[in-house]
2 protein chains.
Amino acid sequence: MVRATSNRPESTRRRQRWPDGYDPENTRKSLIASALELFERRGFDRTSVQEIADRAKLTKGAFYHHFESKDDLLRHIQEEYLEAQLAAIAKIEAGSDDPKVRVAELIRFSLTSVAEYRAHVTIFYQERRNLTADLFAEVTRKRGLVESAFAGMIADGVARGAFRSDVDPRIATFGLVGMCAWAYQWLNVGGPLSVDEVARQFSAMVLEGLYA
Amino acid sequence: MVRATSNRPESTRRRQRWPDGYDPENTRKSLIASALELFERRGFDRTSVQEIADRAKLTKGAFYHHFESKDDLLRHIQEEYLEAQLAAIAKIEAGSDDPKVRVAELIRFSLTSVAEYRAHVTIFYQERRNLTADLFAEVTRKRGLVESAFAGMIADGVARGAFRSDVDPRIATFGLVGMCAWAYQWLNVGGPLSVDEVARQFSAMVLEGLYA
DNA sequence: ACAATGCTACCGTCCGGTCGGAAGGAATGG
DNA sequence: CCATTCCTTCCGACCGGACGGTAGCATTGT
């Protein structure tokens with residue numbers, strides 16, 4: 001439970017040259033990749049630092065050279081995912097302002113990111129409580145921004161008469177977010193259901209309803 | 001990770017009488033209650049048996065008298081929840097066979113059970129992987145029955161023309177289940193949103209759509 | 001020389017689980 | 001009615017192992 005950030009100022013770090021194209025930053029990446037896989041499959045608590053190092057064909061010493069603590073690594077993973085989320089939201093908000101289009105876009109984007117960042121997402125939702133209190137608050141805040149985007153678009157749709165007036169934007173948002181977030185439990189990239197098809201079905205269900 | 005069931009054959013157990021209405025079965029219950037609270041708040045792995053015992057004003061010795069292992073307790077909690085789920089499903093299936101009514105009922109029931117069994121639900125979804133492989137399979141199977149109920153009702157609605165013909169029952173089911181299951185992340189009984197109101201909104205959104 | 005990188009060995013702590021036994025009601029037998 | 005034994009419940013000390021993290025050193029490129 002060590003505090004303190006480990007943000008290494010990339011700009012001030014002189015990169016060392018290693019033989020035959022070896023890049024020391026790769027070890028960091030492979031440690032993260034190793035952790036992503038292990039955390040996703042067995043959870044944060046049941047994955048030891050030793051195992052993370054082993055899987056990356058390194059040692060604990062190397063791990064603790066690159067990360068302050070196990071928590072620090074978790075934090076890194078969470079932020080990696082959140083940054084991607086926020087960037088994508090911004091892109092959608094810069095596009096069409098038709099509420100229907102926006103909601104459909106948001107659904108599709110959410111599902112895409114679940115498929116793409118599967119391990120990140122799983123870890124994000126399952127291991128949030130392992131963060132320190134203040135870090136948890138920060139992560140929750142950023143996550144709230146994503147949900148606010150949903151809520152804002154729906155509220156906008158209601159205000160402009162595109163959506164039914166008796167829709168409660170907060171509740172509808174919870175439903176939408178849940179629908180999409182839950183996909184991390186069952187949606188696999190190689191599976192029988194394509195992301196686009198799922199997105200289309202979800203949009204149709206939510207926008208037009210199931211009724212014939 | 002001990003196997004073996006701890007099902008004590010109640011019928012063959014002679015109950016002992018204790019002074020002033022003391023019931024030894026209360027010990028078991030308070031251990032479970034203690035664990036429910038701690039598992040929900042801090043997770044299975046980060047809760048020690050000692051803490052569970054402490055909170056119930058007992059000792060580890062007492063705990064291991066009533067449960068075979070920590071896993072055994074988790075298993076007990078999971079099954080407690082699943083039994084309640086399956087019973088409720090059966091009740092709905094015995095009621096109206098109008099697909100629209102059934103889907104609405106299922107949504108309301110799902111949300112109600114999330115509100116009522118909040119700790120159980122949280123633990124169920126977050127700690128499934130801590131079960132042994134075969135127990136996990138069993139739990140997943142039972143959970144599958146619940147989801148099959150959703151899927152069956154939607155497929156039925158499509159077949160009978162109540163729902164649009166281009167709806168994929170599998171995907172719609174995933175959406176519905178996700179919407180409801182996700183409620184464990186935000187729905188609180190004492191909160192500003194009543195379960196019935198949320199259920200009505202969800203039903204309207206899914207059945208009639210958002211469009212004005 | 002120096003900084004970055006990675007390795008080995010080690011430490012203190014905590015945790016799941018075990019074990020022998022204490023307390024005391026229930027059953028038995030006289 | 002008392003004495004003995006048995007069973008259930010619970011206690012508390014303890015064990016073995018695993019885990020997060022540290023310290024010191026070896027190697028290598030600049």
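Every chain is numbered from 1 and lettered A, B, ... according to where its sequence line falls, protein lines coming before strand lines.
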Chemist: Using the side-chain contact (heavy atoms from CB on, under 4.5 Å) criterion, which residues pair with A181(A)? Sequence neighbours excluded.
Modeler: Y125(A), W182(B)
Chemist: Without decimals, in angstroms, what is the distance between K70(A) NZ and dA18(D) P?
Modeler: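 Computing the K70(A):NZ to dA18(D):P distance gives 15 Å.
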Chemist: Here's a test for you: under side chain to side chain donor-acceptor pair (under 3.5 Å), which of Q78(A), E79(A), E83(A) qualifies with K142(A)?
Modeler: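 Running side chain to side chain donor-acceptor pair (under 3.5 Å) over Q78(A), E79(A), E83(A) with K142(A) returns exactly one hit, E83(A).
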Chemist: Please state how far atom CG in L74(B) lies from atom C1' in dG16(C), giving the value in whole angstrom units.
Modeler: 15 Å
Chemist: Mind grabbing the angle between the end helix axes of the helix from dA1(C)-dT30(D) to dG30(C)-dC1(D)? Five pairs an end, 10° rounding.
Modeler: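 Here the helix ends are tilted 10° relative to one another.
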Chemist: To the nearest angstrom, how far is D54(A) atom CG from dC19(D) atom C1'?
Modeler: 13 Å
Chemist: Rounded to whole angstroms, how far apart are CG on L31(B) and P on dT9(D)?
Modeler: 12 Å
Chemist: Are a donor atom and an acceptor atom from the side chains of R118(A) and N188(A) found within less than 3.5 Å of each other?
Modeler: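 There is no such pair between these side chains.
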Chemist: Give the rounded distance in Å between these two atoms: CG of D45(A) and C1' of dG20(D).
Modeler: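 After rounding, the reported distance stands at 12 Å.
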Chemist: Looking at the side chain of T27(B), which of dG21(D), dC10(D), dG16(C) is the nearest nucleotide?
Modeler: dC10(D)
Chemist: Apply ring pair (Phe, Tyr, Trp, His ring centres under 6.0 Å) to F150(A) and list each qualifying residue two or more places apart in sequence or on a separate chain.
Modeler: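 F150(A) satisfies ring pair (Phe, Tyr, Trp, His ring centres under 6.0 Å) with no other residue.
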Chemist: Which residues pass the ring pair (Phe, Tyr, Trp, His ring centres under 6.0 Å) test with F163(B), not counting sequence neighbours?
Modeler: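 If we apply the ring pair (Phe, Tyr, Trp, His ring centres under 6.0 Å) test to F163(B), skipping adjacent residues, there are no hits.
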Chemist: CG of D72(B) versus P of dT18(C): gap in Å, rounded?
Modeler: 12 Å
Chemist: Whole-Å distance between dG12(D) P and Q50(B) CD?
Modeler: 10 Å
Chemist: Name all residues meeting the side-chain contact (heavy atoms from CB on, under 4.5 Å) criterion together with S30(B); count only those two or more places apart in sequence or in a different chain, and write none if there are none.
Modeler: A56(B), L58(B)
Chemist: With F39(B), which residues qualify under ring pair (Phe, Tyr, Trp, His ring centres under 6.0 Å), at least two apart?
Modeler: F44(B)
Chemist: Output the single nucleotide from dG17(C), dA4(C), dG16(C) whose closest atom is nearest the side chain of H65(A).
Modeler: dA4(C)
Chemist: Taking N or O atoms only and anything under 3.5 Å, show me the protein contacts with nucleotides 7-11 of chain C, one pair per line.
Modeler:
{"unit_1": "dC7(C)", "atom_1": "OP2", "unit_2": "T59(A)", "atom_2": "N", "d": "3.0"}
{"unit_1": "dC7(C)", "atom_1": "OP2", "unit_2": "T59(A)", "atom_2": "OG1", "d": "2.7"}

Chemist: Nearest whole angstrom, please: distance from the C1' of dC15(C) to the CD1 of I52(B).
Modeler: 12 Å
Chemist: Just to verify, what does S113(B) make a side-chain contact (heavy atoms from CB on, under 4.5 Å) with, not counting sequence neighbours?
Modeler: Y81(B), Q85(B), F109(B)
Chemist: In chain order, what residues pass the ring pair (Phe, Tyr, Trp, His ring centres under 6.0 Å) check against F63(B), with sequence neighbours excluded?
Modeler: F67(B)
